[in-house]
Asker: 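The structure's right below; bear with me while I get my questions together.
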Amino acid sequence: MADNIIEVKNLKKYFKTPHGIVHAVDDVSFNIERGKTLGVVGESGCGKSTLGRNIIRLQDPTAGQIIYDGQDITDLNNQQMKRMRHDLQIIFQDPYSSLNPRKTVMEIISEPILFNKLMKGSNKQDVEKRVRELMDTVGLAQRLINSYPHELDGGRRQRIGIARALSLNPKFIVCDEPVSALDVSIQAQVLNLLKDLQKEMGLTYMFITHDLSVVNYFSDDILVMYLGMVVEKAPAEVLFKNPIHPYTKALLSAILVPKVNGNPDHISLRGEVTSPIDPPDECRFTRRCDYICDACKAGTPPLIEIEPNHFVACHCVKPEGITLQRTVGV
């Protein structure tokens, strides 16, 4: 049996709007093994960030279960979640807007320590010592301890966010596109830092991104989302070598390759994106898919295991053949 630190069962998050109900996350289930990284990919608006925020209870789910380390945390109140917050942290996407511009590096990193009373009875010097240790851990020069966020570049600001997340000694961290706002050279530094910290501290990550090259480098398993639903989940090596769902194939074909004549295997998606507001009971990729069968418009496809640890939600995928069957649309 796998040692799962996170188990998500039939998670749903709906938002009411004047035009109807937005299905941001719709019946999502998966596990994350302790010490591993689950990459979550999909185009903007597919529900990746909402999923991450629901798992660590920054937002309350509409339905479903979230089990952390064997404990159901779905219905815990704010006071109970405050005690759990030591173990569950997040690194936000924008390293500038997620930091208080009125506070120094010292104040930003020490705030969760003081708020959660991790060093109760300690004096100011002890807290400062802990902050300096965290700065060393994330590769942030100690001379910057009294600097403000606007005085630093994006890479240093993101390191502050990582140090703040580490200040409570968490076991699980949601990384919400932590390098998307950074230059390519800085991205590599932050990604390598996160991998090193995972090895040293035994951390478990949920890594949210739309950069497939990054997720392939960083993740053990990959979960592909489309309009709030999981369409494919598999180990990273398997997914990149043998993608099954048409949407996954299209995503992987969009990865830039250094070829003079471009990428001849690029798949262009046509058609309209189904609205997430009160979507019909059908495959949500139907309007953009080249593989249509009668079942696609008859109901939402279930997530089935077509080979060990490889799950796909597609009516046109046959487990015995593990290949898409092009059929005439209805």
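Only this structure's heavy atoms are used, side chains among them; waters, hydrogens and symmetry mates stay out.
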Asker: Can you list the steps and then say if Asp196 with Lys199 is a salt bridge (charged side-chain N to carboxylate O under 4.0 Å, His left out)?
Answerer: CA-CA 5 Å; Asp196 291 342; Lys199 292 178 182 178; 5.2 Å; no
Asker: Which atoms form the tightest heavy-atom contact between Lys12 and Asp27, and what is the distance?
Answerer: CG-N, 3.4 Å
Asker: Looking at Leu166, Leu194, Asn169, which hits side-chain contact (heavy atoms from CB on, under 4.5 Å) with Leu203?
Answerer: Leu166
Asker: Tell me the closest heavy-atom pair linking Lys13 and Pro61, and the distance in Å.
Answerer: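 Minimum heavy-atom contact is CD-CA, 4.2 Å.
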Asker: Grouping I, L, V, M, F, W and Y whenever their side-chain heavy atoms are under 4.5 Å apart, do Val174 and Val214 come out in a common cluster?
Answerer: no
Asker: With a 3.5 Å cut-off and no angle check, do the side chains of Thr50 and Gln59 form a donor-acceptor pair?
Answerer: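 Side chains of Thr50 and Gln59: no pair found under 3.5 Å.
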Asker: When you check the gap from the basic side-chain N to the acidic O, do Arg157 and Asp94 get nearer than 4.0 Å?
Answerer: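 No salt bridge links Arg157 with Asp94.
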Asker: Can you find a side-chain donor-acceptor pair between Tyr226 and Arg288 that sits under 3.5 Å?
Answerer: yes
Asker: With a 4.5 Å cut-off on side-chain heavy-atom distances among I, L, V, M, F, W and Y, is there a chain of contacts connecting Val230 to Phe240?
Answerer: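 The answer is no; the residues belong to distinct hydrophobic clusters.
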Asker: What are the two closest heavy atoms between Cys46 and Met225, and how far apart are they?
Answerer: O-CE, 3.5 Å
Asker: What is the distance from atom CZ of Arg164 to atom CD1 of Ile90, rounded to the nearest 0.5 Å?
Answerer: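 Answer rounded to 0.5 Å: 10.0 Å.
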Asker: Could you tell me whether the side chain of Arg34 reaches within less than 4.5 Å of the side chain of Phe172, counting heavy atoms only?
Answerer: no
Asker: Would Ile186 and Gln158 count as a side-chain contact (heavy atoms from CB on, under 4.5 Å) if you check the C-alpha gap in whole Å, the side-chain angles of each, and the deciding distance to 0.1 Å?
Answerer: CA-CA 10 Å; Ile186 305 300; Gln158 194 60 288; over 6 Å; no
Asker: When you compare the side chains of Ser49 and Gln93, does any donor N or O come within less than 3.5 Å of an acceptor on the partner?
Answerer: no
Asker: To the nearest 0.5 Å, how far apart are CE in Met81 and CG in Asp60?
Answerer: 9.0 Å
Asker: Rounded to the nearest 0.5 Å, how far does CD of Glu232 lie from OH of Tyr247?
Answerer: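 Here the rounded value is 12.0 Å.
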Asker: With rounding to the nearest 0.5 angstrom, report the CD1 to CG distance, Ile113 to Leu134.
Answerer: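 These two atoms lie 5.5 Å from each other.
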Asker: Please determine whether side-chain contact (heavy atoms from CB on, under 4.5 Å) holds for the pair Val41 and Thr209, giving the CA-CA distance in whole Å, both sets of side-chain angles, and the decisive distance to 0.1 Å.
Answerer: CA-CA 5 Å; Val41 299; Thr209 183; 4.1 Å; yes
Asker: Answer with yes or no whether the hydrophobic clustering places Ile208 together with Val25; edges join I, L, V, M, F, W, Y residues whose side-chain heavy atoms lie under 4.5 Å apart.
Answerer: yes
Asker: Looking at Leu152 and Ser147, what are the two nearest heavy atoms and their distance?
Answerer: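 Shortest heavy-atom separation between Leu152 and Ser147 comes out as CD2-CB, 4.2 Å.
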Asker: Assess the side chains of Asp72 and Thr74: does a donor N or O sit below 3.5 Å from an acceptor N or O?
Answerer: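 Side-chain D/A pair, Asp72 to Thr74: present.
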Asker: Look at Lys129 together with Asp126 and state whether they make a salt bridge at an N to O cut-off of under 4.0 Å.
Answerer: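 Salt bridge absent between Lys129 and Asp126.
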Asker: For the hydrophobic clusters of this structure (ILVMFWY residues joined by side-chain heavy atoms under 4.5 Å, transitively), does one cluster hold both Leu38 and Ile173?
Answerer: no
Asker: What's the spacing between Lys249 NZ and Ile244 CD1 if we round to 0.5 Å?
Answerer: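 Rounded to the nearest 0.5 Å, the NZ-CD1 separation comes to 6.0 Å.
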Asker: Consider only side-chain heavy atoms of I, L, V, M, F, W and Y, link residues closer than 4.5 Å, and tell whether Val105 and Tyr96 are in one cluster.
Answerer: no
Asker: What's the spacing between Leu239 CG and Ile222 CD1 if we round to 0.5 Å?
Answerer: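 Atom-to-atom, Leu239:CG and Ile222:CD1 are 5.0 Å apart.
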Asker: So, for Phe30 and Phe311, is the gap between ring centers shorter than 6.0 Å?
Answerer: no
Asker: Does NZ or CZ of Lys82 lie under 6.0 Å from the centre of the six-membered ring of Phe115, at an angle within 45° of the ring axis?
Answerer: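 The answer is yes, since Lys82 meets both limits relative to Phe115.
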Asker: Please name the pair of heavy atoms, one in Asn146 and one in Thr104, separated by the smallest distance, quoted to 0.1 Å.
Answerer: O-CG2, 3.6 Å
Asker: Taking atom types as modelled, is there a side-chain donor on Tyr14 or Asp278 under 3.5 Å from an acceptor on the other?
Answerer: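 No, because no side-chain N or O of Tyr14 sits under 3.5 Å from a partner of the opposite role on Asp278.
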Asker: Check step by step if side chain to side chain donor-acceptor pair (under 3.5 Å) holds for Gln142 and Arg132.
Answerer: CA-CA 6 Å; Gln142 292 190 16; Arg132 290 182 181 276; 3.0 Å; yes
Asker: Between Phe207 and Leu191, which heavy-atom pair has the shortest distance, and what is it?
Answerer: CZ-CD2, 3.7 Å
Asker: Would you mind checking if Lys124 and Glu128 are paired as a salt bridge, meaning a charged N to carboxylate O distance below 4.0 Å?
Answerer: no
